[in-house]
Each structure stands twice: as structure tokens, then as C-alpha cells.
There are 2 protein chains.
Amino acid sequence: MLLAQVEGFLEVARRGNVSRAAEAMFVTQPTLTARLHALERELGEPLFARTRRGMRLTDAGRAFLPYAERAMRAVRDGRQALTDARSASAGRLVLGAAPAVSTYVLPALLQRFAAAYPRIEVAVRTGHSEDVLQMLLREEVQLAMVRTMRHPDIESIPLYEEALVLVVPPGHPFAKRSTVGIADVASERLIFFDRTSSYYELTQSFFLSLGVTPREVMELDNIESAKKMVERRLGIALLPRTAVSGELAAKTLTQVAVTDAPAMSQKIVVIRRRDQGRPSGTVAAFLNLVRESDPAAV
Amino acid sequence: MLLAQVEGFLEVARRGNVSRAAEAMFVTQPTLTARLHALERELGEPLFARTRRGMRLTDAGRAFLPYAERAMRAVRDGRQALTDARSASAGRLVLGAAPAVSTYVLPALLQRFAAAYPRIEVAVRTGHSEDVLQMLLREEVQLAMVRTMRHPDIESIPLYEEALVLVVPPGHPFAKRSTVGIADVASERLIFFDRTSSYYELTQSFFLSLGVTPREVMELDNIESAKKMVERRLGIALLPRTAVSGELAAKTLTQVAVTDAPAMSQKIVVIRRRDQGRPSGTVAAFLNLVRESDPAAV
DNA sequence: GTCATTGATCGAAACCCTCGATGCTTGACT
DNA sequence: AGTCAAGCATCGAGGGTTTCGATCAATGAC
């Protein structure tokens with residue numbers, strides 16, 4: 001069954017006249033007649049009663065009419081949905097994100113995204129990078145923003161480099177000095193967060209590689225609490241720069257440069273399944289927005 | 001766009017494998033591949049990502065999927081609706097009927113019809129024959145059961161011949177006589193019904209043609225009331241036989257034969273629009289039932 | 001390595017869709 | 001009464017598309 005046949009059926013039913021309907025559909029009258037005959041043959045029932053004045057629906061035609069309309073509408077809407085998706089003027093985007101990304105980077109990104117594509121529905125699933133990777137592999141999310149990871153089935157697009165910066169409360173002795181050494185840091189009370197996350201391993205191995213043993217005094221399971229602890233002068237912390245930009249601007253925390261240590265950072269990337277072909281629709285829209293902006297400049 | 005393409009898309013989406021889907025659809029794998037390519041070309045977007053393990057939906061494919069399903073369901077349901085209509089196993093039938101038919105003949109007919117086709121919905125519109133004819137011409141009803149009428153756009157199927165019989169109350173002088181003459185009838189108080197209906201003209205012209213002037217004493221606008229008047233001994237009446245069969249059986253009314261007058265009757269027919277092609281579905285079902293039964297034998 | 005499985009590709013034959021021209025019927029108008 | 005216009009059906013030709021069997025290329029399993 002050709003959709004053109006169904007379409008012809010509807011047009012003729014509407015106009016009650018093959019010639020006019022054919023003209024409206026930009027085909028000749030014999031063509032449309034043939035389509036109707038083919039459709040009637042396939043359905044095994046005359047859909048029209050031929051009269052001198054034109055075509056009238058038979059009972060069977062009347063019975064079929066609503067279904068034909070429904071089918072055409074479905075296809076038309078389907079085409080529109082694809083067009084919308086292609087232009088990313090509508091659709092749905094499901095993102096996965098590591099906690100630090102979800103909390104400190106995504107909001108500004110999504111604000112701009114929502115402004116650019118107001119009709120796209122966005123959902124965010126947060127979890128540690130490994131968990132988010134699993135979501136991606138299970139296709140529960142279309143894109144994920146996590147630290148650099150390796151997996152044969154995914155490809156990565158660099159997003160930004162997230163630096164870990166040393167923050168101290170205002171009035172802390174370090175705050176007055178322009179720079180401090182790593183030994184100075186290790187002698188302070190340090191606040192860490194989330195032993196299960198990659199940050200923990202990263203900071204630990206950082207100190208170990210420098211032959212310094214940090215005096216750990218406190219470990220929180222989230223960054224927000226860690227910041228509060230520092231503000232309450234319970235210690236100092238190495239935190240993602242994106243996570244403390246607000247406090248630094250409000251001067252409730254102070255950043256201190258460490259001179260004799262390499263910059264500590266990890267790359268944040270966007271990952272997607274390699275087998276999904278080239279990005280399209282909402283996914284492509286998000287990737288474009290990401291590419292043309294600097295997510296860390298928040 | 002071929003429906004076969006949409007169907008193939010759904011089958012492949014379901015199975016994630018062109019070869020299996022092709023087998024299930026009884027076509028070769030290259031055929032199905034070609035259908036998918038054609039569909040993707042028409043929609044201007046890859047619907048599948050080709051992987052080593054088979055076919056995976058792209059985002060676009062996922063977006064199109066529900067619409068494809070909707071379209072296929074609509075067509076499938078449409079086919080089913082036609083099948084139902086053809087076998088008359090379901091559907092709707094709208095009948096028009098003259099009052100006497102509607103009240104005294106249709107109930108038994110519809111009882112049998114409902115038993116034979118329990119899933120057909122039946123609606124009855126009652127009116128004088130002329131009004132019902134108009135309903136038919138306006139396609140408000142599919143069939144009409146009325147007295148014989150002429151109109152270029154309708155065709156008639158004989159239903160039954162309805163005799164007008166003379167009924168008197170039990171104990172009436174006529175009841176004891178085996179037969180009465182027309183002159184006897186004219187001298188009695190006569191009860192007529194419904195001046196606007198064809199019965200009135202028929203009975204009036206009947207008397208006039210015999211050179212008899214009836215003593216009209218009462219005119220009701222419905223048969224049921226007329227019967228009650230006769231039962232209450234306010235007169236005698238010429239009524240459709242089908243309308244008094246119950247009372248004759250219950251002996252609350254008595255039929256009297258008139259010897260010297262021709263039998264008075266009118267033909268009741270089923271009419272339908274001539275331009276509707278051959279009857280199908282629910283209409284054909286009803287006509288078949290009518291044909292194989294004697295509606296007057298109620 | 002070899003084999004099985006996957007979808008893509010190819011060439012030939014069949015199919016059918018589309019078109020312009022024409023036929024046929026019927027109602028309207030002179 | 002006869003012509004005309006308007007309606008759909010039919011026909012034959014041409015062109016495109018679909019379908020098939022065979023084959024290819026890539027890749028993962030054993």
C-alpha cells in the first residue's frame with residue numbers, strides 16, 4: 001500500500017471529484033484513478049460509489065476514512081518530528097554528568113542551551129563518572145560529561161580542563177602570602193571530599209608523588225560541604241576551580257597559588273557511544289553549543 | 001513512501017537485524033536493506049546506525065519510531081474495520097422508519113438482527129415516510145423503511161404488504177357477523193389517525209372511491225391512541241394489521257372482514273440511495289436478514 | 001587462521017506507476 | 001432533439017523502481 005494511495009483517497013473523499021483532487025495533488029486524473037483502484041483492490045472493497053456528479057464514499061469508504069486520516073497524520077507528524085530533531089527545534093536530550101559538572105558547570109551551560117533551543121526537553125542524570133559511563137553504554141543517556149575515560153565503545157570530545165585550586169578562608173595566614181610551598185600545604189589541616197570519587201585518588205596520588213604526607217583531618221562526601229568546612233576555618237582544601245568560583249568572587253574563600261608543585265587538573269570530556277553515527281538533532285545542537293563556548297568560564 | 005518501508009523499519013528496529021527481519025517479512029535481505037535506504041533517503045536522515053552486531057536506532061530513528069508505529073496501527077485498524085464492516089461483525093447501522101413500521105415491525109426485526117450481529121450498533125430515526133425520505137437523501141440514515149415512494153435517486157426493495165383491517169371492540173354488533181358491507185362501515189363512527197400521514201389519505205380516498213362518505217368522529221395522531229379509542233367503544237377503525245396483531249390475539253379487539261370492498265393495503269419497502277453502490281457491511285447484513293424473513297409475520 | 005554472521009552492493013528481470021489520448025455516460029443547455 | 005460539458009474509466013508506451021540471487025567486505029568467535 002502506497003501512502004500516496006491513502007492520500008489520494010482522502011483528497012478525493014474531501015472533494016468528491018477525482019479530477020479536482022488530481023489537480024490539487026499535481027498528478028493527472030488517470031493516475032489518481034489508478035491509485036484509488038489499487039487501494040480498493042488491496043482493501044477488497046469499493047471505497048467510492050461512482051456517480052455522474054463525482055465520487056461519493058461508500059459505507060466501507062466512510063468506515064475507512066478515519067483510519068486513513070490517522071495514518072496520514074502519523075506520518076506527517078513523524079516527518080515533522082524528524083525535521084524538528086534535525087533543526088533541534090524540538091525534541092529531548094538526556095545528559096549524564098559527574099557531580100562536579102552537574103552542579104557547577106551544567107547550570108550555566110543549560111541556561112544558554114535552553115535559551116537557544118527553547119523547545120528541547122532536557123534531562124540530567126548525575127553520578128560518578130564510572131556510573132555515568134554505564135548509563136551511556138546502556139543508552140540511558142545520550143551524552144555524558146565526565147573526566148577522561150577509556151572504553152572501546154565510546155568517543156570523547158574535550159570539554160574543558162578542570163584545575164584543582166587551593167582555597168583557604170579569608171584571614172588565613174596563607175591568604176596574606178602571594179605563594180606557598182607544597183610543604184606548607186601538607187602541614188595544614190586538609191579537607192577532602194568523596195573518597196569514592198576520582199578526585200580523592202587524584203589528590204592523594206598528587207601528594208604522594210611529591211613525597212608529602214597530607215594531614216587529613218576531614219572528609220566530606222560532597223563539594224558543597226567541603227567548601228562550608230573551609231569557610232568555617234576547619235581546614236584548607238584542594239577543590240575544582242569551577243566549584244569555588246562563586247566563593248572566590250564573593251571573597252568568602254581565597255585562592256592561594258602553590259609554587260613548587262605542578263598544576264593539578266583533570267580533563268573533563270563529553271563522551272558518546274561510538275556506534276551512534278554522526279551526532280544529529282538535539283545531541284548535535286548541544287555539542288555545537290559546547291564547542292563554541294568555554295564551559296570553565298563560569 | 002511505501003507502507004512496506006515503514007513496516008520494514010519497525011521490524012528491523014524491533015529485531016536489530018536486517019536478515020532476521022527480512023526472513024520474518026518473507027523478503028530477501030537486500031530487498032529490506034533497499035527499503036530502509038529508500039526510507040532514510042526520503043526522510044533525509046539515517047534511521048539506523050550500522051554496527052558489526054546489527055542495526056541500532058539513531059536518535060532520529062528513535063524519534064520516528066512512535067509515529068511509524070502509529071501509522072501502521074492506523075492502517076491495520078482500518079483494514080480490520082473494513083473486514084468487520086464486510087462481515088458485519090461490527091459497525092453501525094442507521095435506519096429510518098415510518099411510525100407504523102418503527103413501532104410494530106421493527107422491534108421483532110431488530111431483535112433477530114441483534115441476535116445475529118450482536119456487535120452492530122443500531123440507531124432508528126422515526127418520521128413520516130416523506131420526512132424519512134429526506135433523511136435518506138441527506139444521508140442521515142442508510143436505509144429507510146417506508147411506504148412505496150418514487151424518487152430518481154433511490155431504489156426500493158419490497159419489504160411486505162401491509163393490509164388495513166377493520167377492527168371493532170369485542171361485543172360490537174359487527175363482531176357477531178361473519179362479514180359486513182362497506183355501507184355498514186360508513187354508517188358507524190369511524191376513528192382515523194394522523195391526518196398528516198399517508199394512511200389518512202389512503203383511507204379517505206378508499207371511501208370516496210366507493211362513493212361512501214364516512215362519519216368521522218375522531219382523529220388521533222398515533223395508532224396506539226386510536227386502538228385505545230376503539231377498545232373504549234368510541235368507534236371502529238381501519239388500522240394496519242401489524243399494529244393490531246397483539247390486540248387481536250389478546251381478543252381486546254376483533255377483526256371484521258368487509259365483503260364488498262377491495263382489500264386495502266399499501267406496500268412497505270426498504271429504500272436506499274441509488275448512488276451508494278452495492279450494499280456492503282452492516283447495510284448488506286440488514287438487507288439479507290430482511291430478505292430471508294417475513295417482517296409482517298409478527 | 002578459519003568460519004560464521006553481519007549489512008552493502010550489483011546486474012538483470014519483472015513489475016507498476018505515470019502520462020497523454022481517448023472512450024463512455026449523463027445531465028445541462030440551446 | 002441535439003450538442004456540449006463534465007465526470008470517471010481505459011489504453012498503450014515509456015520510464016523508473018523494486019526484487020531477487022549472487023557476491024563482497026568487515027568483524028567477531030572459536
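All values below were derived from every heavy atom in this structure, side-chain atoms included, with hydrogens, water molecules and symmetry-related copies excluded. Order of the sequence lines fixes the chain letters, A, B, ..., with proteins taken first and strands second; residue numbering starts at 1 for each chain.
Rounded to whole Å, atom C1' of dG7(C) lies 15 Å from atom CD of Glu23(B). Spacing between atom CZ of Arg20(A) and atom P of dA5(D) amounts to 15 Å, rounded to whole angstrom units. A straight line from CG of Leu36(B) to C1' of dG7(C) spans 10 Å, rounded to a whole angstrom. One atom, NE2 of His37(B), and another, C1' of dT18(D), lie 15 Å apart when rounded to the nearest Å. A straight line from CE of Met55(B) to C1' of dT5(C) spans 14 Å, rounded to a whole angstrom. One interatomic measurement links the two molecules: CD of Glu42(B) to P of dT17(D), which rounds to 12 Å at whole-angstrom precision.
Using a 4.0 Å cut-off, some side-chain N or O of Asn17(B) falls inside it from OP1 or OP2 of dT6(C). Close to dT19(D), at under 4.0 Å from its OP1 or OP2, lies no side-chain N or O of Thr28(B). Listed pair Ser19(B) / dG7(C) meets the phosphate criterion, a side-chain N or O lying under 4.0 Å from OP1 or OP2. Under 4.0 angstrom from either OP1 or OP2 of dT18(C) there lies no side-chain N or O belonging to Thr31(A). Side-chain N/O atoms of Arg35(B) include one lying less than 4.0 angstrom from OP1 or OP2 on dT19(D).
At least one side-chain heavy atom of Thr31(B) sits under 4.5 Å from a side-chain heavy atom of Thr28(B). A heavy-atom distance below 4.5 Å is found between the side chains of Val124(B) and Ser102(B).
Other residues, nucleotides and ligands contribute at most 12 non-hydrogen atoms within 6.0 Å of the CD atom of Glu23(A).
Using the six-membered ring where Trp is involved, Phe286(A) and Phe113(A) have ring planes that are perpendicular, over 60° apart on the 30 and 60° scheme.
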